[in-house]
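So the structure is just underneath, and the comments pick up after that.
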Number of protein chains: 2
Amino acid sequence: MSGGLEIQPARRRGLTDEVAENIRQAIFDGSLELGERLNEVDIADRLQVSRGPVREALVQLKQEGIVTMEWHRGAFIVQLSADDFRELAGLRTVLEVFAIRQAAAAATQADLNNLAAAVKALSKAFVDQNDYVLIQLDVEFHDALYRSAHHERLWNAWSSIRSQVLLSLLTKRHASNEYYRDLVIAEHEELLRVISSRDARACEKAIRVHLSDTYDRLVSSFDSVDVPPTSAEH
Amino acid sequence: MSGGLEIQPARRRGLTDEVAENIRQAIFDGSLELGERLNEVDIADRLQVSRGPVREALVQLKQEGIVTMEWHRGAFIVQLSADDFRELAGLRTVLEVFAIRQAAAAATQADLNNLAAAVKALSKAFVDQNDYVLIQLDVEFHDALYRSAHHERLWNAWSSIRSQVLLSLLTKRHASNEYYRDLVIAEHEELLRVISSRDARACEKAIRVHLSDTYDRLVSSFDSVDVPPTSAEH
DNA sequence: AACATTCATGATGTCAACAAATAGTCGAAG
DNA sequence: CTTCGACTATTTGTTGACATCATGAATGTT
């Protein structure tokens with residue numbers, strides 16, 4: 001910590017954010033099935049709030065792309081298809097190449113410290129061998145990367161796919177298991193290194209390699225593991 | 001129209017979308033001042049609806065980046081700064097380069113027809129000499145471009161800055177006046193041409209030129225016309 | 001006179017009840 | 001037995017009222 005006291009916003013959050021966070025976590029940790037319908041009154045009762053905040057929270061989650069809403073039919077948790085995976089990979093690559101180039105140009109020392117801290121947390125969690133937290137810390141490193149770009153709208157764009165990316169990694173974690181074991185630490189260290197060097201060219205190359213390593217294996221996993229839900233009935 | 005009857009979703013929209021569209025238009029046509037506070041009950045009364053739909057509409061507009069919301073303080077129409085302009089230009093360029101490359105690869109004949117129709121509408125409006133509609137048709141061409149990419153999440157990313165782009169062009173229209181007069185038709189025709197040729201390289205170059213022509217002049221306009229609001233008081 | 005405190009005002013946040021619409025069920029006709 | 005249609009039940013869309021908070025004016029103090 002270099003400077004003095006960072007004034008933290010201390011924003012008062014309403015129930016909407018609270019509810020949204022609850023539902024989000026419930027989706028991520030598997031408490032809610034993929035494709036499941038989200039009953040407003042059910043959620044409201046469970047969280048001891050009225051339906052108003054629940055509705056606004058659902059709108060928020062819809063914007064994050066992890067639930068869909070249909071008129072008078074309600075909200076459903078998304079089930080990402082192979083095409084969705086490809087879309088996410090493509091758009092994320094575009095955004096992140098831009099992000100790392102901006103970061104290479106504009107990152108402060110504090111940003112680099114945050115990135116380093118994220119890598120360290122990742123290394124530490126590595127020995128625990130828990131895929132769930134490992135994936136979350138992976139995404140949090142990329143959060144730090146986007147933040148280092150100091151670009152509000154880029155951050156918003158990332159936010160609108162972040163939950164989907166996290167969800168896709170979590171649901172397909174078995175497919176990316178050995179990848180994580182081998183490469184995750186080394187590649188993130190490399191990303192930190194090239195950002196620190198402020199070599200935009202090297203940054204772009206490193207991030208492309210990293211995302212390819214992540215998604216090539218993931219997309220191919222659809223060929224083997226994708227199960228149509230119709231076969232499971234009766 | 002090549003094929004038969006395109007089944008249009010015929011989605012029933014709720015009041016929320018209706019309200020959002022109203023406010024959006026009011027912002028664009030200048031009925032609402034930039035920076036103005038949006039009173040929920042005032043809007044609700046004016047549109048003869050309750051506050052519920054109004055609140056949800058404001059959340060939607062917040063996601064589009066044309067209003068900001070603070071806890072217990074309400075919603076305000078954004079005032080884009082010079083930095084905001086730069087952010088919009090940078091992110092839009094990244095997205096649109098991606099979009100035109102995807103379009104070059106995946107555009108159908110129907111997409112090309114839509115693009116051609118957009119160019120034609122632009123040419124037609126050119127003689128009317130109305131900046132307001134000219135700018136809107138410009139943006140609609142780019143809508144068609146993004147749609148031709150057939151990439152849902154890219155479209156969402158564009159949607160989340162589209163209103164801001166439109167607003168920025170409308171508020172600075174005097175600065176881009178002569179630009180539009182000279183280049184707008186030719187450049188859009190060029191874009192249509194390179195997409196049709198499916199030459200990804202040429203596409204990227206053309207879109208970069210087009211966006212540079214749009215934004216270089218716009219950003220520089222801040223140096224001359226930007227007035228700090230503090231000097232106007234008393 | 002200048003400043004801090006109190007309190008009234010008006011806004012947003014939240015809630016519970018009402019209206020509208022969908023989906024599944026039951027029944028009758030072919 | 002199948003199919004079409006109406007009906008009922010459940011869920012969402014909308015509303016008006018209540019609770020909570022921020023703002024600014026009025027008042028008392030130094």
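Heavy atoms only: backbone and side chains are in, while hydrogens, waters and symmetry mates are out. The sequence lines fix the lettering, A, B, ..., with proteins before strands; numbering per chain opens at 1.
- Here the side chains of Arg24(B) and Leu61(B) are in contact, with some heavy-atom distance below 4.5 Å.
- As judged by a 4.0 angstrom heavy-atom cut-off over every strand, Leu38(A) is placed among residues touching the sugar-phosphate backbone only.
- Regarding Phe76(B), its CZ atom lies at a distance of 8 Å from the P atom of dT23(D), rounded to whole Å.
- Here the P atom of nucleotide dG13(D) and the CD atom of Glu56(B) are 8 Å apart, to the nearest Å.
- Counting to the nearest Å, the P atom of dT12(D) and the CG atom of Asp45(A) are 12 Å from each other.
- Straight-line distance from the CZ atom of Arg37(B) to the C1' atom of dA22(D): 8 Å, rounded to whole Å.
- Note on Asn39(B): a side-chain N or O is less than 4.0 Å away from OP1 or OP2 of dT12(C).
- Residues Leu58(A) and Ile23(A) form a side-chain contact, since some pair of their non-hydrogen atoms from C-beta on lies under 4.5 Å apart.
- At whole-Å resolution of the value, CG in Leu15(B) and C1' in dA20(C) are 11 Å apart.
- Toward the 5' end of DNA chain C, the nearer of the two residues Ala75(B) and His72(A), judged by each one's closest nucleotide, is Ala75(B).
- Toward the 5' end of DNA chain D, the nearer of the two residues Val49(B) and Arg73(A), judged by each one's closest nucleotide, is Arg73(A).
- Following rounding to the nearest Å, Gln48(B) (CD) and dT15(D) (C1') show an atom-to-atom distance of 14 Å.
- Put simply, the side chain of Val78(B) reaches to within 4.5 Å of the side chain of Leu167(B), judged on heavy atoms.
- If you measure from atom CG of Asp42(A) to atom P of dT12(D), you get 9 Å, rounded to the nearest angstrom.
- Minimum atom distance to the side chain of Ser50(B) is reached by dT15(D), of the listed dG13(C), dT14(D), dT15(D).
- Atom-to-atom, CH2 of Trp71(B) to C1' of dT23(D) comes out at 15 Å; the value is rounded to the nearest Å.
- Here the CD atom belonging to Glu87(A) is positioned 6.0 Å from the CD atom belonging to Glu152(B), to the nearest 0.5 angstrom.
- Taking the six-membered ring where tryptophan is involved, the planes of Tyr146(B) and Trp158(B) are essentially parallel, since the angle between them stays under 30° and well short of 60°.
- Residue Gly52(A) is out of contact with every strand shown, counting any heavy-atom pair closer than 4.0 Å.
- Arg51(A) has no side-chain polar atom (N or O) that falls below the 4.0 Å cut-off from OP1 or OP2 of dT12(D).
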